[in-house]
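Input: a single structure, listed below in structure tokens.
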Amino acid sequence: MKALAIDTSNLVMGIAVLDGEKVIGEYITNLKKNHSVRVMPAIHDVMKEANVKPAELDRIIAAKGPGSYTGVRIGVTIAKTMAWTLKKELVGVSSLEVVAQNGKYFGGYVCPLFDARRTQLYTGLYGKKDGQFQAVKEDRLVLRDNWLSELKKLDQPVLFLGNDLDMHKERIFEELGDQAVFGGIADHNPRPSELGRIGVEREPEPVHHFVPSYLQLAEAEANWLAAQKK
């Protein structure tokens, strides 16, 4: 199976091309630049270098959020458009799950997180279950301190991952102490090759039923809905 993986759900932009059991091309940046301008040229260049034509793809895989509303929309829209026009399978994978893969060999729980403003987090909890590394607590939007209180009850080490970790690191350590383990500099970027690996193993979704996972309404949408109720 040849697959294209696309992640624009946060500042990190990642593209990967997989062929069977091999990752044959991968591109990743962590820059404050406009994904909408850069992602299509990146897809073109990675596929060209990998010598894979669009028609040869079997599956398109997208990081479906949570994350930046605009970023999630860009990647999902491109993935859906390519899947529809090329008549290819489409798979979505949690953006948090992709980050969590950087800790899949950790001997405890793994907590990927993205800042959601107002001391809230997009987060989840991953670990070994039935011999497989998978979600043990589903992705959610949660107040940071409520989440830390829940993690403290586990009484097991928790590895925290994510590029927004520095914003919350001090509070995490205050609450969890030595129970908290923090990933190193190379552990926080989601890797599109991992997105692709997961997506190849999942069942495809109907293109027109595929929706992003925002976990909450955008502020503008929430304000509009509130206004309609007045």
Side-chain angles (χ1 to χ4, degrees), residues 3-18 23-47 49-50 60-80 82 90-106 110-117 120-126 133 135 139-141 159-169 172 182-200 202 212-216 218:
L4 171 68
I6 304 168
D7 187 354
T8 63
S9 55
N10 287 283
L11 279 182
V12 173
M13 184 182 80
I15 309 297
V17 178
L18 290 81
V23 178
I24 59 174
E26 186 168 24
Y27 176 86
I28 182 170
T29 62
N30 182 17
L31 303 168
K32 289 184 178 180
K33 291 188 175 182
N34 192 335
H35 291 334
S36 64
V37 175
R38 301 170 61 237
V39 65
M40 287 308 297
I43 291 171
H44 173 271
D45 291 348
V46 173
M47 291 186 63
E49 286 295 316
I60 314 293
I61 302 159
K64 65 178 183 178
S68 156
Y69 292 105
T70 302
V72 171
R73 286 190 181 110
I74 290 169
V76 167
T77 299
I78 289 172
K80 290 182 69 171
M82 291 185 69
L90 177 64
V91 173
V93 177
S94 159
S95 300
L96 289 164
E97 183 178 2
V98 179
V99 176
Q101 302 309 306
N102 295 341
K104 61 187 175 184
Y105 298 117
F106 178 69
V110 179
C111 178
L113 63 83
F114 306 142
D115 181 68
R117 299 191 300 175
Q120 297 180 106
L121 301 173
Y122 296 121
T123 189
L125 196 68
Y126 292 77
F133 184 76
D139 294 350
R140 65 196 65 194
L141 172 70
L159 173 64
F160 290 88
L161 300 174
N163 283 311
D164 295 333
L165 180 58
D166 281 348
M167 302 168 64
H168 305 280
K169 196 171 184 178
I172 292 170
F182 302 110
I185 189 172
D187 298 328
H188 302 303
N189 285 349
R191 290 179 168 81
S193 53
E194 290 286 3
L195 168 63
R197 179 189 62 81
I198 298 167
V200 165
R202 299 276 167 86
S213 175
Y214 295 123
L215 297 185
Q216 69 172 351

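What's counted below: heavy atoms across the whole structure, side chains too, no hydrogens, waters or symmetry copies.
- Nearest heavy-atom pair, Ile28 versus Pro192, reported as atom, atom and distance to 0.1 Å: CD1-CD, 4.0 Å.
- Across all their heavy atoms, Pro66 and Asn10 have their closest contact at O-ND2, 3.9 Å.
- Judged by distance alone, with hydrogens and angles left aside, the side-chain atoms of Glu194 form no donor-acceptor pair with the main-chain N or O of Gln101 at under 3.5 Å.
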Problem - Stepwise side-chain contact (heavy atoms from CB on, under 4.5 Å) test for Leu141 and Phe114 - result: CA-CA 10 Å; Leu141 172 70; Phe114 306 142; over 6 Å; no

Exercise for the section: Start with the C-alpha gap between Ile43 and Val39, add the side-chain angles, then the distance that decides, and say whether side-chain contact (heavy atoms from CB on, under 4.5 Å) holds. Expected result: CA-CA 6 Å; Ile43 291 171; Val39 65; 4.1 Å; yes

Practice task
Let me see the working for Asp7 and Val12 under side-chain contact (heavy atoms from CB on, under 4.5 Å), right down to the final yes or no.
Solution key: CA-CA 8 Å; Asp7 187 354; Val12 173; 5.6 Å; no

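- Side chain of His188 to main chain of Gly183: a donor-acceptor pair is present (N/O by atom type, distance under 3.5 Å, no hydrogens or angles).
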Practice task
Determine, step by step, whether Asp45 and Tyr27 satisfy the side-chain contact (heavy atoms from CB on, under 4.5 Å) criterion, reporting the C-alpha distance in whole Å, the side-chain angles of both residues, the deciding distance to 0.1 Å, and the verdict.
Solution key: CA-CA 9 Å; Asp45 291 348; Tyr27 176 86; over 6 Å; no

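- Between the side chain of Asn102 and the backbone N or O of Asp187, at least one donor-acceptor pair lies under 3.5 Å.
- Annotation for Val99 and Pro190: closest pair CG2-CB, 3.8 Å, computed over non-hydrogen atoms.
- Remark: side-chain polar atoms of Thr8 are not paired, donor with acceptor, to backbone N or O of Met13 under 3.5 angstrom.
- Side chain of Ser68 to main chain of Ser9: no donor-acceptor pair is present (N/O by atom type, distance under 3.5 Å, no hydrogens or angles).
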